[in-house]
Participant: 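Supplied in structure tokens, the structure appears directly below.
Remember, it's 1-based here, ligands and their atoms both numbered in the order they're listed.
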Amino acid sequence: MSKLLDDSSWLDFEKAHVWHPYAPMEGALPCYPVAHAQGVQLTLEDGRNLIDGMSSWWSVIHGYNHPVLNSAAKEQLDRMAHVMFGGLTHRPAAELAARLISLTPEPLERVFLCDSGSVSVEVAIKMAIQYWQARGNTGKQRLLTIRRGYHGDTCGAMAACDPETGMHHLFNRVLPKHFFAEAPTAVNDANWHDSDIAGFRELIEAHHAEIAAVILEPIVQGAGGMRFYAPEYLRQVRALCDAHDVLLIADEIATGFGRTGTLFACEQAGIAPDIMCLGKAITGGYMTLAAVLTTTEISRTISARAPYAFMHGPTFMANPLACAVANASIDLLVGSPWQERIATMAEAFARRLSPCRDWEGVADVRIMGGIGVVELERPVNMSRITEGFVDRGVWIRPFGKLVYVMPPYIISELELDALLAAMTDAVAEELARG
Ligand SMILES: *Cc1c(COP(=O)(O)O)cnc(C)c1O
């Protein structure tokens with residue numbers, strides 16, 4: 001690569017011209033340049049090493065620069081990086097579909113491969129609507145979901161996100177209006193109470209004639225608040241969907257591929273959705289790819305009526321490079337002791353994070369599988385606490401009041417201990433500063 005920018009000023013240029021997620025362009029918060037990454041270590045341009053607590057947003061489950069994933073990418077690269085999927089196909093896509101079908105709940109056996117999590121949510125919503133249309137029901141075009149959810153940033157997906165954290169008022173005129181039930185409060189089946197589902201039940205009973213699908217994140221609500229809820233809620237949602245002719249879309253983009261302790265979070269409730277979205281960890285964090293799985297009944301129904309096709313088709317649909325890496329990543333996962341690794345993480349979180357519950361300024365500590373969350377009473381000062389983490393040699397990216405980790409599955413116990421010690425130290429410092 002020839003260099004247009006010189007070594008001393010490229011970062012100033014970047015700061016002036018390149019957007020970052022959910023951040024102002026002008027006067028942006030500090031950003032740390034990464035030179036390379038290996039295993040669970042990010043190496044900054046200035047030579048400092050950080051233990052990664054984020055898996056680059058749930059995705060890098062096998063760590064960075066993994067030899068198996070690297071060679072899968074290189075082998076596929078030498079064959080073809082990409083080819084259009086309209087009228088053409090390739091082995092990596094078929095292999096990926098076979099893997100996804102064998103791992104996900106049984107009725108899911110039709111696969112749509114697309115570019116990102118948000119797009120997979122768009123696809124899932126369109127599938128549900130087209131299904132009811134094909135059955136001659138044009139009235140079912142809205143969604144029912146629960147507050148505090150997160151389903152992505154494109155307009156269709158955003159319309160199903162929590163209305164407040166999703167800033168619906170800013171996009172008022174373009175977002176469709178969906179039905180929102182209160183977020184579940186019972187965190188497990190032991191403290192389940194039937195009133196938890198009452199609001200949801202009222203909405204589905206009153207409006208099922210307009211509702212194509214329920215969409216929700218099973219068991220763990222991720223970017224909308226890092227909240228966990230009882231499997232019983234999900235079982236009751238499934239039963240209510242069946243009783244009222246409403247499809248169930250499970251957004252497993254964050255929870256899929258083992259993070260919660262089961263391969264997919266739906267398994268914790270023993271239910272199968274009608275449509276499932278997968279993304280994030282699907283390629284082990286190597287490149288962007290997502291998948292939508294559905295049942296044969298839904299795909300047959302859509303295909304049997306005009307326009308005799310599902311109306312979606314991204315340019316980079318089923319990108320072979322991404323599919324090849326996804327296949328290698330899934331094989332790595334399935335062949336690894338991932339359950340033990342997740343259990344080890346959960347134990348370390350319980351040991352290291354639970355004591356924070358008694359700290360003044362800490363509202364809650366939540367642990368599930370490879371997810372550890374410390375919720376504070378007040379939002380953190382982002383640049384200050386981030387500096388605190390980096391100075392302590394770890395990479396943790398809080399949002400609002402939530403300081404949380406979801407490390408790569410391959411993290412060693414030593415690294416995990418160092419990560420959590422740095423996390424709690426920096427939180428203590430942040431709380432002390434008020
Ligand atoms: C991240 C996420 C998405 C959006 O995925 P992108 O790849 O960022 O578009 C959707 N749903 C859930 C549950 C997610 O965590």
Participant: Looking at atom 14 (C) of ligand 1, what's its closest protein heavy atom, distance included?
Facilitator: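 For atom 14 (C) of ligand 1, the nearest protein heavy atom is K280 NZ, 2.9 Å.
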
Participant: Which one of I282, D251, V220 has a non-hydrogen atom at the shortest distance from atom 13 (C) of ligand 1?
Facilitator: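 Residue with the shortest heavy-atom distance to the ligand atom: D251.
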
Participant: Counting only heavy atoms closer than 4.0 Å, does ligand 1 sit against the backbone of H151, its side chain, both, or neither?
Facilitator: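 Near ligand 1, H151 shows its backbone, while the atoms from C-beta on stay back.
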
Participant: Which part of Y150 is near ligand 1, with near meaning a heavy atom under 4.0 Å away: side chain, backbone, both or neither?
Facilitator: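 It is both backbone and side chain that touch ligand 1.
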
Participant: Quick test of your reading of the model: are D245 and K140 salt-bridged, counting only N-O distances below 4.0 Å?
Facilitator: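 No, no charged N to carboxylate O under 4.0 Å.
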
Participant: What are the atoms of ligand 1, with element, lying closer than 4.0 Å to any heavy atom of G152?
Facilitator: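 Those qualifying, in numeric order: 4 (C), 10 (C).
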
Participant: If you define the side chain from C-beta out and look only at heavy atoms, does anything of L402 sit under 4.5 Å from R366?
Facilitator: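 Yes; the side chains approach each other to less than 4.5 Å.
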
Participant: Around atom CZ of R300, are there more than 12 heavy atoms from other residues, nucleotides or ligands closer than 6.0 Å?
Facilitator: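 It does not: R300 CZ has 12 such atoms or fewer within range.
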
Participant: Can you list the atoms of ligand 1 that are under 4.0 Å from a heavy atom of E217?
Facilitator: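 Selected atoms, number and element: 13 (C).
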
Participant: May I ask you to check if ligand 1 and G117 share an N or O to N or O distance below 3.5 Å?
Facilitator: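 Between G117 and ligand 1, an N or O pair is found under 3.5 Å apart.
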
Participant: Counting from 1, what ligand 1 atoms have a heavy atom of S118 closer than 4.0 Å?
Facilitator: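 Near S118, the atoms of ligand 1 are 4 (C), 5 (O), 6 (P), 9 (O).
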
Participant: Are D189 and R235 within salt-bridge range, i.e. N to O under 4.0 Å?
Facilitator: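 Yes, this pair counts.
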
Participant: Salt bridge or not for R99 and E95, using N-O below 4.0 Å?
Facilitator: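 A salt bridge links R99 with E95.
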
Participant: Is R91 atom CZ crowded by more than 12 heavy atoms from other residues, nucleotides or ligands, each under 6.0 Å away?
Facilitator: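 Counting other residues, nucleotides and ligands, CZ of R91 stays at 12 neighbours or fewer.
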
